[in-house]
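Presented below is the structure to which this report refers.
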Amino acid sequence: MKLDDTYYWDGPLPETQAPASVPEPWGETKVVGKPIMRIDAFDRVSGTAIYPSDVVLPDMLHAAILTCPHAHATVKKVDTTEAEKMPGVRGVLKDGVPGTNIPWFGGGGGFASRLFDTHARHEGEEIAAVAADTIYQAWDAIRAIKVEYEVLKQATTVDDALKPDAPVIRDGGNKPQAPPVYQRGDVAAAFKTADVVIEHTFNTPCELHSPMELHGCVAKWDGHHLTIWESTQGVYAVQSSVARALGLSLANVRAIGHYVGGGFGAKLDTGKYSVIAALLARKTRRPVRLFLTREQECQTMGNRPANTITLKIGARKDGTLVALQSSATGSGGAYSPGGTGGVDYVIRELYACPNVRCENQSAFINAGTQRAFRAPGHPQGAWALESMMDAVAARLKMDPLDLRKKNFITTSQSRDGNQPYTSNGLVQCYDEGAKVFGWKEARARAPQAGHIKRGVGVAAGMWQGGNGGPPSTAIVKLFSDGSANLNMGAADNGCGTKTWGAQIVSEELGVPVDRISIEHADTGTTQFATPSGGSKTVPTESPAIRAAAIDVKQQLFAMAADHLKLPVSDLELRGGEVVSKSDPTKKAALNQIPAFSRRALLVGIGYRGPNPTGKAINPFAAQFAEVEVNTKTGEIKVLRFLAAHDSGRIMNAKMFQNQVFGGVTMGIGFALTEDRVLDHKQLGKLLSGNLHDYKLPTAMDAPADKTIVVIDPHDTECNTTGAKGVGEPATIPTAPAVANAVFHATGIRMTDAPMSPARVLQAIAALKPAPKGQKGGE
Ligand code: MOS
């Protein structure tokens, strides 16, 4: 996968018009930042919010997809004769049906597959589809389709896929071109100057996004116009992909995604299901609902690649880092070359280090394709780097926080040619976090007797995106009664996009949030927006929203100045009235301003201006964990957690906290339980394709004792709202913070995640001298 700051959008970013003027940074805000409840909170929790999977249309058919049960196979014959005769069946699609020969999985100058390809490269690949009156009839018909497969030998690990006799998964070979080696300085020479050199190999789990709402859509045609209600992070991405696949103009494809039941990156891309639903709807002349099953979701809708990372670190006695060298492997599945995308970013950037070398290699395997997953690569890289920083601190007998502070840096060393960050609040994250957590006291506690061991650990992180940038256009309408509407293209993934959008309008126009309505995420009625991802929805959209509100305000002030016979510079908006700053007795309610009442509606347009040149913009975090390890059972319990984050100015304290808690919980899943298991040795099939065997952390696994520390460095350079992203940074340092706490508690350095009880017990067993006549670990 392509992994730069703009991975959430396929192709060059469109441009938006430059803003007419740049407003002054906000000082103290009245509404922005306040912990108000989400404007759709009641609708979400009461079940009245209509998610795409809730959409029901008159005459709607239900569709299901037949997928390949083998890890690797050639499809010889698909016989749908029986299925077509089944009760309620209205339409069947398979390879060869006119209109289905659609290329899929683009990139690298060509397409690797088709909508229904006869070379099935992993379990779950699409073979045929049925639309019927009921979902039960659709599945009965799916079961009546007879497929003749030639089962091929599979390779489901990087090692197996790169063997000389490996099955041919991709025409060009199983080894994608390796990304260029990143290098600065001279690591070999630098390691010779180090007082401490440590090297370890780390393994990370393959994680499944597991959104609560499955991938899917409802498709409906009105003549030549197609409307798709889809659970997506980006309606404009769905519009362009579906239009391309079906050869339609953009104007004839409308994508709507008002609610999204979880995304985490898996819903940045468009799935085959949208095109299949549209084709079935066209064929049957009926609306079609097509949502995947949980098993299909787990097989085909993306994952965070598992990585093996060997990291070598060299430091001087005083803790100064002199060299870092990493070598990572991982697979993006059958279609993505990006098995290691983003893995080395923290290694290159987080600490001052003049000599760094990072190499990465991936392979195509017979497994589902990776999709961007909350900070692609970063939790994996942080797992290695932050464990190693802890190991160096232990070797040097330094406080791990002091080691990190020693190597703090205010410039971006690799991406932007040593450019300064517009802000870097990492030291405040360390200091403030440590103070609130009680770090010094907890580190100094004497070890307990007994088999339950307690410890505390810290880890840091940064995210390569989170800067935001153009394009973004927002429209704010002010109605004659002083209420307002905000119109923007961005999806609200559940992070509160609509709510903070309304808070910004409220801040600028003095309109209470409950008098602001939102129109969003609909290509038919809203402005262009890139998908909500990359932790950039706030920093991308918020300046445009602010600019649109200011545009409305300026128009209103011009009308009021005329009416009140005052200069515009003397006016301000207060409680739905335009008031003179110098003489507050001179004022006019909005509907008393004649020009405005005559107009009934003012429309303001705002654009997102460019980011400053020569500067890097990144969010930073330090997280602290306290754990309990049961050395008899191998169980790890996270007792309490503190997350200190510099994401610039925050839009809503309550939603910020929720976002960070969500990221931390996801990181605890990485640390302790989540693991996609493939049957590598036998059939190559997915063994954890459900939410019973794929273990997401629940309320029982997340600590009740959670604290957020907000570090706002008052960044006035990054953009006109001072905001940086938080969605992804929240999950980057979590797992190594837990692992470092396990080390503090037990002296065991866990290198493989998830740290399952079995792995912990193996590590404990390996520490003990073996009984006479046995080898260690037996
Ligand atoms: Mo995110 S991985 O950009 O949804």
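Every value quoted in this text rests on a predicted model; they were computed, and no experiment measured them. Whatever order the structure lists ligands and atoms in, that order sets their numbers, starting from 1. When a residue number appears, it is its place in the shown sequence, counting from 1.
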>> Quick check on side chain to side chain contact (heavy atoms under 4.5 Å, CB included): which of Asn360, Ile309, Val356, Leu385 does Asp344 satisfy it with?
In response: Asn360

Does the residue [X] have a heavy-atom contact with ligand 1, meaning some pair of atoms that are separated by less than 4.0 Å?
{"X": "Lys536", "answer": "no"}
{"X": "Gly263", "answer": "no"}
{"X": "Phe264", "answer": "yes"}

Cationic tip of [X] above [Y] ring, under 6.0 Å, 45° of axis:
{"X": "Arg170", "Y": "Phe364", "answer": "yes"}
{"X": "Lys706", "Y": "Phe641", "answer": "no"}
{"X": "Lys695", "Y": "Phe670", "answer": "no"}
{"X": "Arg121", "Y": "Tyr335", "answer": "no"}

Does any N/O atom on [X] come nearer than 3.5 Å to any N/O atom on ligand 1?
{"X": "Leu268", "value": "no"}
{"X": "Ala372", "value": "no"}
{"X": "Tyr7", "value": "yes"}

> Hey, is Gln233 touching ligand 1 through its side chain, its backbone, both or neither, going by heavy atoms under 4.0 Å?
Replying inline: side chain

> Where's the contact between Asn493 and ligand 1, heavy-atom distance under 4.0 Å: side chain, backbone, both or neither?
Replying inline: neither

> Are Thr369 and Met301 close enough, and set up right, to give a side-chain contact (heavy atoms from CB on, under 4.5 Å), and what steps lead you there?
Replying inline: CA-CA 7 Å; Thr369 301; Met301 285 300 119; over 6 Å; no

>> Counting only heavy atoms not in Gln177 (residues, nucleotides, ligands), do more than 12 fall under 6.0 Å from its CD?
In response: no

> For atom 2 (S) of ligand 1, what is the nearest protein heavy atom, given as residue, atom name and distance?
Replying inline: Arg374 N, 3.1 Å

> Under a 4.5 Å cut-off applied to non-hydrogen side-chain atoms, are Ser472 and Thr16 in contact?
Replying inline: no

> Which of the atoms of ligand 1 are close to Gly534, meaning less than 4.0 Å from one of its heavy atoms?
Replying inline: 1 (Mo), 3 (O)

> Can you list the atoms of ligand 1 that are under 4.0 Å from a heavy atom of Phe373?
Replying inline: 2 (S)

